[in-house]
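First comes the structure, then the notes that go with it.
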Amino acid sequence: MDDGELLCEAARSGDTEKANTLIEAGAEVSFFDGDGLTPLMHAAKHGHAAVVKRLLEAGAPWNALSPSNLSAGDFAMDSGHQDAFDLLLNAGIQAELILGTIARRANPGGDPNGDYLEDRVSFSEDKLMDSESKAVMMAWEKPLMEAHAKAVCSGGGHILNIGFGMGLVDTAIQQYAPVAHTIVEAHPEVYDRMLRSGWGEKENVKIILGRWQDVLPQLESYDGIFFDTYGEYYEDMREFHQQLPSLLKPGGIYSFFNGLCGGNAFFHVVYCQLVSLELESLGYSTQLIPLPVKDCLGEEVWKGVKHKYWQLDTYYLPVCQSIQDSE
């Protein structure tokens with residue numbers, strides 16, 4: 001049995017002293033055993049928090065995945081081992097905070113959605129797809145969009161939505177009869193369809209064509225804001241959040257489509273906590289409201305779609321407000 005196997009065995013049994021000896025002797029902390037599990041996964045699965053802590057200190061990857069797409073955090077979460085889970089959650093948040101800083105330095109002012117904006121899109125009754133059969137938006141999201149609209153319209157007034165897509169959230173926003181409803185849409189085909197559908201003729205609607213990054217000078221301040229773009233990354237949403245102090249009125253409500261890591265339960269928790277922390281640093285509190293979505297997502301929903309961008313049973317709807325206003 002090699003050192004990697006021995007380390008997995010020590011992690012399984014919770015033998016911290018043996019694990020430490022093996023690590024100091026150079027055992028590979030990222031080793032995968034015959035079942036496709038790492039020492040960290042074994043320690044997390046059995047709730048051996050001390051071993052989890054030592055492995056993380058030695059550089060064990062917190063985000064490695066087993067053949068069944070589970071991370072060490074998933075094993076700890078599923079087994080109810082809170083101490084191990086907390087260690088892994090903190091490791092994930094710290095790693096992503098550092099990675100975010102590196103990404104900002106490495107790519108200041110990149111254009112991730114350039115390809116999408118030049119891409120052809122196709123519309124059907126239940127989905128909006130790009131040319132690679134990846135879903136931009138789908139009809140199963142309608143109840144979620146209605147909940148987002150209810151949140152951002154709770155104070156009435158002027159509402160801003162970034163990203164029209166199929167128009168699900170904007171249709172829901174209109175039901176609350178806002179004083180003014182501004183929509184920013186970047187894709188020219190989606191924009192043309194909006195106009196053909198009569199959105200440009202609504203008295204309280206203002207449509208702005210362009211990437212939100214490019215049209216910021218045209219934006220004002222709003223009582224409610226919703227953000228849901230396609231073809232962008234977490235860094236882009238983080239950049240948008242930096243604009244909130246000038247875009248969101250005091251007492252206003254901000255929300256965003258929370259599809260962060262929608263294929264893995266633990267990674268989703270990490271990113272929910274990460275975005276909450278980053279918004280807190282900007283002066284906003286974030287409430288995450290659980291909405292069950294399992295019943296919306298049978299296999300038939302994904303027919304013809306290349307990538308299942310959401311695979312979890314619960315959607316956490318973010319409602320953000322300035323900390324002073326929420327106290």
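Below, all heavy atoms of this structure are taken into account, side chains as well, without hydrogens, waters or symmetry copies.
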Lys142, NZ atom: more than 12 neighbouring heavy atoms under 6.0 Å
no
Side-chain donor or acceptor of Ser79 paired with backbone N/O of Ala76 under 3.5 Å:
no
Side chain proximity check, Asp236 to Thr229, heavy atoms < 4.5 angstrom:
no
Only distances under 3.5 Å count here; give the side-chain donor-acceptor pairs of residues 143-156 to other protein atoms, sequence neighbours excluded, each with its distance to 0.1 Å.
residue, atom, partner, partner atom, Å
His148, ND1, Ser255, OG, 2.7
His148, NE2, Tyr315, OH, 2.7
Ser154, OG, Ala151, O, 2.8

Cluster link Met41 to Phe31, ILVMFWY, side chain under 4.5 Å:
no
Can you measure from CG (Asp78) to NZ (Lys45) and round to the nearest 0.5 angstrom?
10.0 Å
Is it the case that the side chain of Asn161 and the backbone of Gly163 share a donor-acceptor pair, with hydrogens and angles ignored and the cut-off at 3.5 Å?
yes
Do Gln243 and Leu219 have side-chain heavy atoms sitting under 4.5 Å apart?
no
Check Leu37 against Phe75 and note the closest heavy-atom contact, atom names and distance.
CD2-CZ, 3.7 Å
side-chain hydrogen bond (donor to acceptor under 3.5 Å, both in side chains) filter on Lys202, not counting sequence neighbours, yields none
Within-4.5 Å side-chain heavy-atom neighbours: Leu65 and Phe267:
yes
Once side-chain hydrogen bond (donor to acceptor under 3.5 Å, both in side chains) is applied, do any residues pair with Asn69, and if so which ones, sequence neighbours excluded?
none
Gln242 versus Leu282: any side-chain heavy-atom pair under 4.5 Å?
yes
Indicate whether any N or O donor in one side chain lies under 3.5 Å from an N or O acceptor in the other, for Tyr254 and His241.
yes
Between Ser66 and Ser68, is there a donor-acceptor pair closer than 3.5 Å when you use the side chain of the first and the backbone of the second?
yes
Contacts of Asp33 meeting side-chain hydrogen bond (donor to acceptor under 3.5 Å, both in side chains) (sequence neighbours excluded), chain-then-number -> His42
Are Phe266 and Phe85 an aromatic pair, judged by ring center distance below 6.0 Å?
yes
Would a 4.5 Å heavy-atom cut-off, applied to side chains only, mark Phe227 and Trp212 as touching?
yes
Measure the acute angle between the ring planes of Tyr316 and His268, then classify it against the limits of 30° and 60° as parallel, tilted or perpendicular.
tilted
Could you tell me whether the side chain of Ile173 reaches within less than 4.5 Å of the side chain of Ile183, counting heavy atoms only?
no
Side-chain atoms of residues 86-95: list all donor-acceptor pairs with protein atoms under 3.5 Å, sequence neighbours left out, distances to 0.1 Å.
residue, atom, partner, partner atom, Å
Asp86, OD1, Gln82, NE2, 2.8
Asn90, ND2, Asp86, O, 3.2

Please check if the side chain of Asp74 supplies one atom and the backbone of Ser71 the other of a donor-acceptor pair under 3.5 Å.
yes
For Asp223 and His158, indicate whether the former's side chain and the latter's backbone hold a donor-acceptor pair under 3.5 Å.
yes
Give the minimum heavy-atom separation between Ala43 and Val51, together with the two atoms involved.
CB-CG1, 3.9 Å
List in chain and number order the residues that pass ring-ring contact (aromatic ring centres under 6.0 Å, His included) with Tyr191, two or more places apart in sequence or in another chain; answer none if no residue qualifies.
none
Main-chain N/O of His48 paired with His46 side-chain donor or acceptor, under 3.5 Å
no
Give the intermediate values and the outcome of salt bridge (charged side-chain N to carboxylate O under 4.0 Å, His left out) for residues Lys53 and Glu57.
CA-CA 6 Å; Lys53 185 172 185 291; Glu57 289 170 349; 2.7 Å; yes
Note, Val270 side chain near Cys261 side chain (heavy atom, < 4.5 Å)
no
